[in-house]
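Following: one structure in C-alpha cells, then a few remarks.
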Amino acid sequence: MSEDRTEKQSVTIRQIMLETYGADPRRWPEVSPDAGNDAGAASVETELALAEAQRLDALLDMAPPPVPDAQRIERMVAALARQDDTLSAGYSLPTPRFVILPASALAIAVVLGIFVGQVLPNSTMESAQSMADYYMDSM
Amino acid sequence: MTQPTSIESDAEIMAKIARGDSEAERQLIAQHFPRMYGLACRILADQSEAEDVCQEAFIRLWNVAEQWAASAKLSTWLYRVVHNLCVDCLRKRRHFLDNGTAEVEDIVDGRQTYIEEHASSQTADIVNAAIMALPERQRTAITLVYHHEMGNIEAAEVMDITVEALESLLSRGRRKLRDTLFDKRRDLI
C-alpha cells in the first residue's frame, strides 16, 4: 500500500513538473530524485503529459526572445560611455525617452498658455471678463 | 546562453566599474544586455522602449557600483530592475490609454487580435504571437524560466513573488499556449 502511494505521489510530482517546467528535467527545481527518472513512475497520464510537454517545448524553442544585434550592443556601450563622460564633467544625466516626452508636453503647454495670454486681443479678454461677470452675478 | 557569474566575480567587476574601468563596463554590458533586452522586449513588445529600459538599468547599476554588496548577484539585480522598469512603463501606457483613447480596447482585448493579425505561415511567428498574447506576468515567467533557464527561486525573486506564485504562472501560461497552439494549428509539429 505504501509503495503504491509513493508511486502515485511520484507520478503526480512528475506530471506537475512536466506541466510547469516542461519536459527537460534540467529545468526542474530540486525535487525527489526519483520524480524525474523513476521508470516505475510512468503511467498513461504521465506519458501523455510528457508528450505534450515535449511538443510545447519544441515550439517554444522556435521562438526565443529577441537578441540585440552587434550594432545595438555597440550603441548601448557608446550611450553609457557618454553617460560616464557627462558625469565626470559634472553635468546631470540625460533622461530616457519615457521621462522626456511627458515633461516636454508640460513645458509646451506652459509656453503656449503664456503666448495665448499675451497675444489674445483685448476684445477677447473683455468678452471673457463679461462672461465671468455674468456667471458671478447669476450665482 | 551566457553562463551565470559567481558572486565573487560580480563583486570584482563592480569594484572595477566603481573605479571607472570602461573595459569592465563594456564586458558587463556584452554579458548581460542580450538577456536583459530579450526580457524587456517580451514584456513591452517594443524594441526602442526595451533598449531605453536596459540603459536605465545600467545607469542605476553604475550609480550603486561603489556601494555594491559582495553578497549580491549581479544578474538577479539587473533582471529585477529591468522587470520593475518594464512594469512601470506598462502602467504609464495604461494611464495614458485610459484617458479616453480608442486603443484601450485594442490592448485589453488584444490577445485574439494579436494572434490573428500577426500569425503567418511561419511557425516561429505563430508561436511568438501566442507568447506575446499571454498576460504579461505569464510570459515573463516563461521567458525567465524556460528561455533564459533561470532557476525558480531566482525567477521568483526577479518578479518579487513566491515560488508557488511563479509555478502557478508557468503552468497557466503553458496551458494557454497548449490550448492556443495545439488546437488552432494542428499542423504545428
Side-chain angles (χ1 to χ4, degrees), chain A residues 13 15-31 48-49 51-88 92-102 105, chain B residues 20 22 25-26 29-30 33-42 47-56 58-59 62-63 85 88-89 92 96 122-132 142-143 145-149 151-153 163 166-168 170-171 174-175 177-178 181-182 188-189:
Chain A
I13 291 172
Q15 269 179 258
I16 291 172
M17 292 296 113
L18 288 166
E19 289 167 5
T20 304
Y21 293 99
D24 189 346
R26 289 175 299 180
R27 286 194 179 84
W28 296 3
E30 288 294 320
V31 291
L48 181 62
E52 286 196 341
Q54 287 172 332
R55 191 176 166 204
L56 181 57
D57 287 355
L59 291 173
L60 288 173
D61 287 340
M62 290 185 177
V67 175
D69 56 20
Q71 192 179 9
R72 201 178 285 270
I73 295 175
E74 279 310 309
R75 190 161 66 224
M76 180 63 64
V77 171
L80 288 163
R82 280 198 300 276
Q83 305 278 0
D84 288 343
D85 292 342
T86 303
L87 278 174
S88 60
S92 60
L93 290 173
T95 312
R97 257 178 286 171
F98 56 77
V99 174
I100 286 176
L101 286 176
Chain B
S22 58
E25 288 177 3
R26 173 181 277 273
I29 292 167
F33 177 46
R35 301 207 318 166
M36 290 162 63
Y37 177 78
L39 176 65
C41 281
R42 268 282 158 81
Q47 293 182 351
S48 294
E49 269 196 301
E51 195 171 333
D52 284 345
V53 159
C54 292
Q55 184 178 340
E56 176 66 21
F58 281 121
I59 290 171
W62 293 178
N63 288 341
L85 287 171
D88 289 344
C89 280
K92 286 193 180 82
F96 283 117
Q122 298 293 328
T123 302
D125 290 340
I126 294 167
V127 176
N128 202 43
I131 293 170
M132 294 309 293
I142 287 175
T143 300
V145 174
Y146 188 84
H147 285 114
H148 288 173
E149 297 183 350
N152 60 344
I153 295 173
V163 170
L166 174 79
E167 290 179 337
S168 173
L170 286 170
S171 63
R174 286 181 66 93
R175 194 176 318 126
L177 288 173
R178 282 198 306 270
L181 296 170
F182 292 6
L188 289 176
I189 300 197

Exercise for review: Look up atom CD1 in A:Ile16 and atom CD in B:Glu167, then write down how far apart they are to the nearest 0.5 Å.
Suggested key: 8.5 Å

Point to revise | Toward chain B, the part of A:Asp24 with a non-hydrogen atom under 4.5 Å | key: neither

Check your understanding: What distance separates A:Met62 CE from B:Gln122 CD, expressed to the nearest 0.5 Å?
Key -> 10.0 Å

**Study point:** Shortest non-hydrogen separation from B:Cys41 to A:Pro66 and the atoms involved
**Key:** CB-CG, 3.6 Å

Check your understanding: Does B:Arg178 CZ have over 12 foreign heavy atoms under 6.0 Å away?
Key -> yes

Check your understanding: At what distance, to the nearest 0.5 angstrom, does CE of A:Met76 lie from CD of B:Gln55?
Key -> 5.5 Å

Review point. How far does CG of A:Asp57 sit from CZ of B:Arg174, to the nearest 0.5 angstrom?
Key: 4.5 Å

Revision key, fill the gap. Closest non-hydrogen contact found for A:Ala63 with B:Ile131 is O-CD1, 3.9 Å

Exercise for review: Measure the spacing between CD1 of B:Ile142 and OG1 of A:Thr20 and express it to the nearest 0.5 Å.
Suggested key: 10.5 Å

Practice item. Hey, could you give me the SG/CD1 distance between B:Cys54 and A:Ile73, rounded to the nearest 0.5 Å? Key: 11.0 Å

Practice item. Assess whether side-chain contact (heavy atoms from CB on, under 4.5 Å) is satisfied between B:Phe33 and A:Val77, documenting all intermediate values. Key: CA-CA 10 Å; B:Phe33 177 46; A:Val77 171; over 6 Å; no

Check your understanding: Listed by chain and number, what are the side chain to side chain contact (heavy atoms under 4.5 Å, CB included) partners of A:Asp61, not counting sequence neighbours?
Key -> B:Tyr146

Check your understanding: What pair of heavy atoms forms the shortest contact from A:Leu59 to B:Phe182, and how long is it?
Key -> CD1-CE1, 3.9 Å

Check your understanding: Would you call A:Pro68 and B:Glu51 a side-chain contact if the rule is heavy atoms closer than 4.5 Å?
Key -> no

**Study point:** Pi-cation contact, B:Tyr37 with A:Arg72 (under 6.0 Å, within 45°)
**Key:** no

Check your understanding: Should we say atom CG of A:Leu48 is surrounded by more than 12 heavy atoms from elsewhere, each under 6.0 Å from it?
Key -> yes

